[in-house]
Number of protein chains: 2
Amino acid sequence: MNSEFTIAVHSLVLLAYRSDRSATSEYIADNVGTHPARVRKVLSFLRKAGYVVTKEGSGGGYTLACDPDEVSLAEIYCITSIGSIKPSWCSGDEEEDCMIACNMADVMDGIFSEAEERMMTYLEQLKISDVLERVRVQASKK
Amino acid sequence: MNSEFTIAVHSLVLLAYRSDRSATSEYIADNVGTHPARVRKVLSFLRKAGYVVTKEGSGGGYTLACDPDEVSLAEIYCITSIGSIKPSWCSGDEEEDCMIACNMADVMDGIFSEAEERMMTYLEQLKISDVLERVRVQASKK
DNA sequence: GTATACTGTAATTATATTTATAACAGATAC
DNA sequence: GTATCTGTTATAAATATAATTACAGTATAC
């Protein structure tokens with residue numbers, strides 16, 4: 001799976017944790033453990049989908065624009081990583097004179113799509129606030 | 001996802017389609033669209049797990065050693081690609097002085113594991129014979 | 001209006017992963 | 001013994017991913 005999903009979830013959880021304060025891409029990048037430009041790219045998708053509000057210029061940054069109780073990981077997955085279950089490599093070849101070789105790519109494609117849907121029904125149940133709660137539980141274990 | 005899963009499923013479906021005839025790695029590789037050495041590597045895993053029987057030497061090759069009605073894609077996924085849902089890249093850093101940064105990697109790890117389990121309950125229902133049937137249906141559409 | 005501090009985005013470089021290929025030992029059939 | 005196969009490792013090539021650089025655009029403070 002694409003790690004932009006991880007970056008998006010981490011960023012949203014961080015913003016939810018900081019309640020309504022804004023955060024710069026540098027601050028988020030440091031917390032996530034990546035480069036600010038990468039955070040800006042991922043959060044730019046979230047902004048276009050309305051999950052965060054961004055403010056350019058001095059004193060700018062990112063703030064949460066959604067209710068963490070309402071937003072599921074499935075929505076975030078759709079924005080950042082849909083289709084990433086399926087490997088880019090495909091078996092078979094349409095030109096071969098064999099029923100298996102000709103059709104395996106299509107069949108596997110369907111299987112990967114259905115598998116992804118199953119995974120997404122799970123992610124639908126998980127909200128950003130649940131992830132934050134899991135972080136709290138994990139922290140209390142240490 | 002790792003494409004060894006695709007190669008394994010394709011090979012098993014091909015062997016099931018050819019009933020009890022054996023096939024060489026070169027024949028399978030040509031059908032799958034990869035290198036014989038890669039087929040040998042993947043089928044070597046399947047042999048160790050008892051799904052195929054191999055015969056070395058002249059006239060050798062691979063034959064199915066399982067009932068296609070009984071073997072699910074979940075079993076094959078376990079052998080070839082377990083854990084491949086989770087991206088190798090992890091966010092956060094245990095050393096940071098922030099609850100989110102410290103625990104996000106563990107939390108995401110758990111989420112990816114659960115997501116993978118959901119996907120696997122779907123793959124459990126799909127047998128090798130179902131995949132062969134899907135190939136037949138797909139072929140009849142053309 | 002100019003300096004400063006941000007985001008947005010594209011281009012480039014570096015790194016990691018994946019796939020293909022080569023090579024050869026070991027096994028079996030003839 | 002020779003030809004044909006698998007098993008396995010090592011290496012090279014291709015691809016995908018992540019980091020970095022660069023700079024235009026925008027808002028703020030002075």
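Numbers restart at 1 for each chain; the letters A, B, ... are given by sequence-line order, proteins then strands. Because only heavy atoms are used, hydrogens play no part in the values below, and waters and symmetry mates are left out as well, while side chains stay in.
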Take nucleotides 9-22 of chain D nucleotide by nucleotide from the 5' end and write B, S or -, depending on whether a protein heavy atom sits under 4.0 Å from the base, only from the sugar-phosphate, or from neither. -------S-SSBBB
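Looking at residues two or more places apart in sequence or on another chain, you find a side chain to side chain contact (heavy atoms under 4.5 Å, CB included) between B/Glu94 and A/Lys142, B/Asp106. Among residues two or more places apart in sequence or in another chain, the side chain to side chain contact (heavy atoms under 4.5 Å, CB included) test is passed with B/Asp20 by none. In this structure B/Tyr77 satisfies the ring pair (Phe, Tyr, Trp, His ring centres under 6.0 Å) test together with B/Phe5, sequence neighbours excluded. Residues satisfying the side chain to side chain contact (heavy atoms under 4.5 Å, CB included) criterion with A/Cys66, sequence neighbours excluded, are A/Tyr51, A/Leu64, A/Val71.
With rounding to whole Å, A/Lys48 atom NZ is found 15 Å from C/dT7 atom P. Residue B/Ile28 contributes atom CD1, which lies 15 Å from atom C1' of D/dT4 at whole-angstrom precision. For the pair B/Glu26 CD and C/dA22 P, the interatomic distance rounds to 13 Å; values are reported in whole Å. Atom OH in A/Tyr27 sits roughly 18 Å away from atom C1' in C/dT7 (whole-Å rounding).
The number of heavy atoms from other shown groups lying within 6.0 Å of CD (A/Glu26) does not exceed 12.
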Each nucleotide N or O in nucleotides 25-30 of chain C that has a protein N or O under 3.5 Å away: list the pair and distance.
from, atom 1, to, atom 2, distance (Å)
C/dG26, N2, B/Glu56, OE1, 3.4
C/dA27, O4', B/Glu56, OE1, 2.9
C/dT28, O2, B/Ser58, N, 3.1

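In this structure a side-chain-to-backbone donor-acceptor pair under 3.5 Å is missing from A/Ser3 to A/Thr6. When atom types are taken as modelled, the side chain of A/Gln138 and the backbone of B/Met104 share no donor-acceptor pair closer than 3.5 angstrom. Not one N or O on the side chain of B/Arg40 forms a donor-acceptor pair closer than 3.5 Å with the backbone of B/Ser44.
Side-chain N/O atoms of B/Ser25 include one lying less than 4.0 angstrom from OP1 or OP2 on D/dT6.
The nucleotide whose nearest atom lies closest to any side-chain atom of B/Thr24 is, among D/dG7, D/dC5, C/dG8, D/dC5.
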